[in-house]
Amino acid sequence: MGELCRLTERLGIRRKYLLLLLLRSPFDACRTWMLASLMKTVFGCLETGDGYRLLKTCTVCGLIGALLFFYNGIIWSVYAAFAAKAEVLVQRLLLQKILTMSQKEADSRTGGEWITGLNSDLQAAFEMMNGNLNMPHAVVAVINTVWSSLLLMGSSPVMFAITWVFFFLHFLINDRMVLRHIPGLKEEAQRAVAQNTAALEPLIAQADAILLYDAGGLLLSQCEKSSLRLQKVNQSIQLRNAAGSMILRLLGCAGYLVMLAVGYELVSRGSMLFSDMVYCFQVRGAVLSGMFMLIASVNNIRANAVCVKRVLVMLDKQ
């Protein structure tokens with residue numbers, strides 16, 4: 001998070017970036033409230049047979065949905081143009097920095113490190129700023145989760161407590177298995193990519209000399225070692241992400257079953273209407289989707305922060 005703040009400050013776009021993030025955020029929260037209220041009213045009208053109220057609610061929700069659609073489209077269009085300009089600005093600043101470097105500074109990095117920095121590191125920086133399940137979706141997820149939690153707590157504190165108990169279980173397990181390890185693995189993968197690129201470069205640029213001295217076997221062996229190292233690190237990342245996804249689904253199903261059992265008991269005793277239970281399940285879905293989006297975004301942000309840090313190092317070189 002701190003790396004992205006430093007980068008946007010270096011580019012002079014922090015205020016505009018934060019403003020656009022906030023303007024993008026209310027869409028999911030408003031849609032959650034609208035859909036939950038619609039489902040509650042629909043089932044309530046079906047229980048009472050109130051057709052006029054049902055028609056009125058559907059009309060109002062349709063108008064709200066249309067307004068949200070146009071608002072979201074306008075904000076996304078403005079944000080897309082801003083993201084494209086920010087990408088060009090980063091590339092221009094980095095190019096200017098490279099052109100003003102001394103020969104000694106340029107030679108302090110291998111060709112593989114330069115290629116990695118100018119390609120994968122920059123791409124990761126853009127992904128963190130504007131990509132899917134990165135900073136923009138993290139902000140959306142936080143606002144949607146807080147708003148949905150307030151709606152759920154106002155409707156049924158019991159359902160609210162069940163939802164958050166299972167979330168904390170998932171978060172603790174996911175933090176120990178995934179969140180703590182992904183940044184280090186990502187950094188190791190970037191080093192492996194740089195070493196692999198540096199090992200491949202002589203095979204292309206100095207092919208004649210390699211054939212003359214019969215050094216192809218040695219260089220190919222080095223390429224093989226760096227490739228195997230990269231493969232092992234990427235496998236570790238994928239395995240940890242897969243384990244986190246498996247736990248997410250298991251605990252999600254368990255929480256759903258517990259809420260279903262508790263909701264059935266409350267409805268049977270007359271402590272809750274069926275339409276209220278439908279409302280709680282609808283809002284619970286928004287809470288979970290927001291939390292899962294936040295977890296995925298945090299994973300990607302922490303992984304991409306390693307690359308953003310290297311971009312800042314290049315920009316900050318005197």
Side-chain angles (χ1 to χ4, degrees), residues 22-76 137-171 248-297:
L22 292 175
L23 289 175
R24 282 182 52 175
S25 303
F27 176 79
D28 280 12
C30 293
R31 190 170 65 92
T32 295
W33 168 80
M34 182 189 70
L35 292 177
S37 300
L38 177 62
M39 295 297 292
K40 180 179 180 179
T41 305
V42 166
F43 280 93
C45 292
L46 291 176
E47 291 175 343
T48 60
D50 191 349
Y52 175 76
R53 184 186 174 198
L54 178 62
L55 178 62
K56 180 180 177 181
T57 301
C58 292
T59 302
V60 172
C61 288
L63 292 174
I64 295 175
L67 291 175
L68 288 176
F69 173 79
F70 285 112
Y71 173 82
N72 197 47
I74 292 171
I75 295 301
W76 271 92
H137 286 88
V139 177
V140 171
V142 169
I143 293 179
N144 189 36
T145 300
V146 172
W147 174 244
S148 301
S149 298
L150 292 175
L151 293 177
L152 185 58
M153 184 172 61
S155 179
S156 175
V158 176
M159 298 295 189
F160 171 82
I162 294 173
T163 300
W164 277 96
V165 165
F166 278 91
F167 164 70
F168 281 123
L169 284 174
H170 172 263
F171 180 78
L248 181 151
R249 284 161 177 78
L250 288 175
L251 291 178
C253 291
Y256 178 81
L257 293 175
V258 171
M259 285 189 66
L260 191 62
V262 173
Y264 174 78
E265 182 66 23
L266 292 175
V267 172
S268 299
R269 292 188 312 187
S271 302
M272 176 184 285
L273 296 175
F274 179 73
S275 57
D276 293 327
M277 190 176 74
V278 172
Y279 178 87
C280 288
F281 275 100
Q282 188 73 26
V283 177
R284 172 191 177 267
V287 173
L288 292 180
S289 64
M291 291 187 297
F292 297 155
M293 183 188 295
L294 179 60
I295 290 172
S297 299

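Computed from a prediction, not measured in an experiment: that's the story for all the values here.
- Expressed to the nearest 0.5 Å, how far OG1 of Thr163 lies from CE of Met153 amounts to 12.0 Å.
- Residue Gly290 comes nearest to Ala141 through the heavy atom pair O-CB, 3.2 Å, listed as atom of the first residue, atom of the second, then distance.
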Q) Is there a side-chain contact (heavy atoms from CB on, under 4.5 Å) between Gln282 and Leu35 once you walk through the steps? A) CA-CA 8 Å; Gln282 188 73 26; Leu35 292 177; 3.9 Å; yes
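- Of all the heavy atoms in Ala36 and Val283, the pair that sits closest is CB-CG2, 3.6 Å.
- The structure places CD1 of Ile162 at 9.5 Å from CG of Leu152, a figure rounded to the nearest 0.5 Å.
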Q: Give the intermediate values and the outcome of side-chain contact (heavy atoms from CB on, under 4.5 Å) for residues Trp33 and Ile64.
A: CA-CA 11 Å; Trp33 168 80; Ile64 295 175; 4.1 Å; yes
Q) Going through the checks in order, is the side-chain contact (heavy atoms from CB on, under 4.5 Å) test met by Asp28 and Ile143? A) CA-CA 8 Å; Asp28 280 12; Ile143 293 179; over 6 Å; no
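- The side-chain heavy atoms of Arg53 and Thr41, taken from C-beta on, include a pair separated by under 4.5 Å.
- Using a 4.5 Å heavy-atom threshold, the side chains of Phe27 and Val140 count as separate.
- Atom CG of Leu54 and atom OG1 of Thr59 lie 9.0 Å apart (nearest 0.5 Å).
- Scanning all heavy atoms of the two residues, the minimum distance from Val262 to Met159 falls at C-CE, 4.4 Å.
- Ala254 and Phe166 get closest at one heavy-atom pair: CB-CE2, 3.7 Å.
- Using modelled atom types, one side-chain atom of Ser268 and one backbone atom of Tyr264 make a donor-acceptor pair closer than 3.5 Å.
- Nearest heavy-atom pair across Leu68 and Arg31 is CD1-N, 4.0 Å.
- A perpendicular orientation is assigned to the rings of Phe274 and Phe43, their planes being inclined by more than 60° (bins at 30° and 60°).
- Residues Thr57 and Leu38 form a side-chain contact, since some pair of their non-hydrogen atoms from C-beta on lies under 4.5 Å apart.
- With contacts defined as side-chain heavy-atom distances shorter than 4.5 Å, the pair Asp276/Lys40 qualifies.
- Less than 6.0 angstrom separates the ring centroid of Tyr256 from the ring centroid of Phe281.
- In this structure, CZ on Arg284 lies 15.5 Å from CG on Leu151, to the nearest 0.5 angstrom.
- Of all heavy-atom pairs between Val287 and Ser148, the closest is CG2-CB, 3.3 Å.
- The distance from the SG atom of Cys45 to the CG atom of Leu55 is 10.0 Å, given to the nearest 0.5 Å.
- Ser289 contributes a side-chain N or O that, together with a main-chain N or O of Ala286, makes up a donor-acceptor pair within less than 3.5 Å.
- For the pair Met39/Tyr279, no side-chain contact is recorded, criterion being any heavy-atom separation below 4.5 Å from C-beta on.
- We find the OG-CZ distance between Ser155 and Phe160 to be 12.0 Å, quoted to the nearest 0.5 Å.
- By the 30° and 60° cut-offs, the orientation of the rings of Trp164 relative to Phe168 is tilted.
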